[in-house]
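Just below is one structure, and these are the notes that go with it.
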Amino acid sequence: MELWKLPAHSLHKLLVGGEVTAQEITSAFLQRLREVEPQLQAFITVTEELALEQAQEIDRRREKGEELPPLAGIPFALKDNISVRGIPTTCGSKMLENYIPVYDATIYKRLREAGSVLVGKTNMDEFAMGSSTEFSAFHVTRNPWNLERVPGGSSGGSAAAIAAGAANFALGTDTGGSIRQPAAFCGIVGIKPTYGRVSRYGVIPFASSLDQAGPMARTVTDAALVLNVISGHDQRDSTALKEPVPDYTSYLVPDVAGLKIGVPKEYFGEGIAPEVGAAIWEGIRLLEKLGARVEEFSLQTASHCLSAYYIIAPAEASSNLACYDGIRYGYRADVDDLLGMYTKSRRVLGSEVRRRIMLGTYALSAGYYDAYYHKAQQARTLIRQEFKEAFEKYDVLITPTTPNVAFALGAMVDDLLAMYLSDVCTLAANLAGLPAISLPCGFSQGMPIGMQILGKPFAEGKILQVAYTFEQETEYHKEFPPVSKGVM
Ligand code: GLN
């Protein structure tokens, strides 16, 4: 039996039934990790020793007859912008190459309390800015479906690791699509929760009004189990709202009868690959056959999301990243004069991060604030408003997660607009604070296609139910990537 192929809920049964030990489960994933990592390079740090220790502790608890929670003994990975005490947390940047947190992020702490086992920290675009993981300061991660293609980004390491079976589930962060887009590119499930659903204490910020952390997993059920653990208020993060956390697994029922699905036309127009659009429509038709009611409608603000995002996100980033000056935080250049030290230290940041800082400071500067930042915020209000109206008519909205399947490595590093456009379908959920899930719904050119389901704030349960219903009727999530070079 290949343990690394099993979903968390199956592993849990084997574990509590005494058929396998947590150490056997962890060893199986670590062995798989060692097998695929030379090709994929999904990790920045592998925490093998820690993982085995954590697994051993679960076995001890089981021997004592303790009842184990559903994710106990399940190996997971964390994007490298999520702090773990004593383990390097680089954020994909040379600026934080030597940073070792002195505290745990709340979401890591909660997973540890649930007994999950950390196998490593995954590669990402520097400070989560990017869509391909090629902007990592350390190395490029490859897509397990075709090693010549990108895994998506910025949580590309997490997505590649899960798709290849190097960990059972992972956490990513999503500011404009960084959980859902790599999940779509690697053929797994990714959830960006409602803004305020999940604590960000200990998660290194990119754009604070947009950032959310969330689960990446092979199945909807596993994603729901992870969401159960990480959701909810945190007294250390005032943006983590007090809204009660339901048991998300109670929504895992295959039923969409009477459900109203809205399909925004703008997400199927120019720029969307015909095979992608066709796969999503096929998925929508399947849900319709199962009893959902489907209606096309127009989301007129759709074309403004990209512009609004690329003002607001860099503006917030420029402020969040101001602390990396070599004095308060981060790498310090060895120079005698103060100004020289500031400028030389900042130069260790990669070109994309510097570009965003410049864009952001420009958009916030006195002469341009009204023309750019203020305008973008006004657009954001209209975007939110239009979604609010849409959710008065529909229970969920369905769109492609990305306009195309994973692109070739190197294809877009010099064409940033094309790179930015790969998030064109995911940005709205961040701007409007909505929950959204991406799940596998087809293949094109041998690469996975992702379907995005959006819900109103705190309707994670509803989108999980629709996703689960779809998953039960399809086989896409049962496929494993070859981890080899595909045909381009
Ligand atoms: N690709 C988008 C960007 O570069 C989104 C990144 C993210 O969600 N962290 O800003």
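Atoms within each ligand, like the ligands themselves, are counted from 1 in listed order. Keep in mind the model is a prediction, meaning the values are calculated, not measured.
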* Check ion pair Asp174-Lys192 (N to O, under 4.0 angstrom) -> no
* To do: For Phe169 and Phe76, run ring pair (Phe, Tyr, Trp, His ring centres under 6.0 Å): C-alpha distance rounded to whole Å, both residues' side-chain angles, the deciding distance at 0.1 Å, then the answer.
  => CA-CA 5 Å; Phe169 70 88; Phe76 74 103; 5.2 Å; yes
* Is the number of heavy atoms from other residues, nucleotides or ligands within 6.0 Å of OH (Tyr372) greater than 12? -> no
With heavy-atom distances below 4.0 Å as the criterion, list the atoms of ligand 1 near [X].
X: Phe206; answer: 9 (N), 10 (O)
X: Tyr310; answer: 2 (C), 3 (C), 4 (O), 10 (O)
X: Ser154; answer: 9 (N)
X: Ser131; answer: 1 (N)
X: Met129; answer: 4 (O)

* Indicate, as side chain, backbone, both or neither, the part of Arg356 found under 4.0 angstrom from ligand 1 when only non-hydrogen atoms are considered. =>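 For Arg356, only side-chain atoms sit under 4.0 Å from ligand 1.
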* In terms of ring plane angle, is the pair Tyr369 and Tyr373 parallel, tilted or perpendicular, where the classes change at 30° and 60°? -> tilted
Between the side chains of [X] and [Y], is a donor N or O closer than 3.5 angstrom to an acceptor N or O?
X: Asp237; Y: Thr106; result: no
X: Lys79; Y: Ser158; result: no
X: Arg200; Y: Thr239; result: yes

* Taking both backbone and side-chain atoms of Thr175, is any N or O found less than 3.5 Å from an N or O belonging to ligand 1? ->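 Between Thr175 and ligand 1, an N or O pair is found under 3.5 Å apart.
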Nearest to [atom], what protein heavy atom do you find, and at what distance?
atom: atom 5 (C) of ligand 1; value: Tyr309 OH, 3.3 Å
atom: atom 2 (C) of ligand 1; value: Asp423 OD2, 3.2 Å
atom: atom 7 (C) of ligand 1; value: Ser178 OG, 2.4 Å

Judged by non-hydrogen atoms, does [X] sit under 4.0 Å from ligand 1?
X: Tyr420; result: no
X: Gln181; result: no
X: Ala313; result: no

* Structure fact -> Exactly one of Asp423, Asp211, Asn430 clears side-chain hydrogen bond (donor to acceptor under 3.5 Å, both in side chains) with Thr175, and that residue is Asp211
* Structure fact -> Restricting to heavy atoms, the pick from Gly176, Gly130, Pro314, Ala128 nearest atom 8 (O) of ligand 1 would be Gly176
* Asked: Should the pair Arg218 and Phe480 be classed as cation-pi, given the thresholds of under 6.0 Å to the six-membered ring centre and 45° from the axis?
  ->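 Geometry flag: set, cation within 6.0 Å and 45°.
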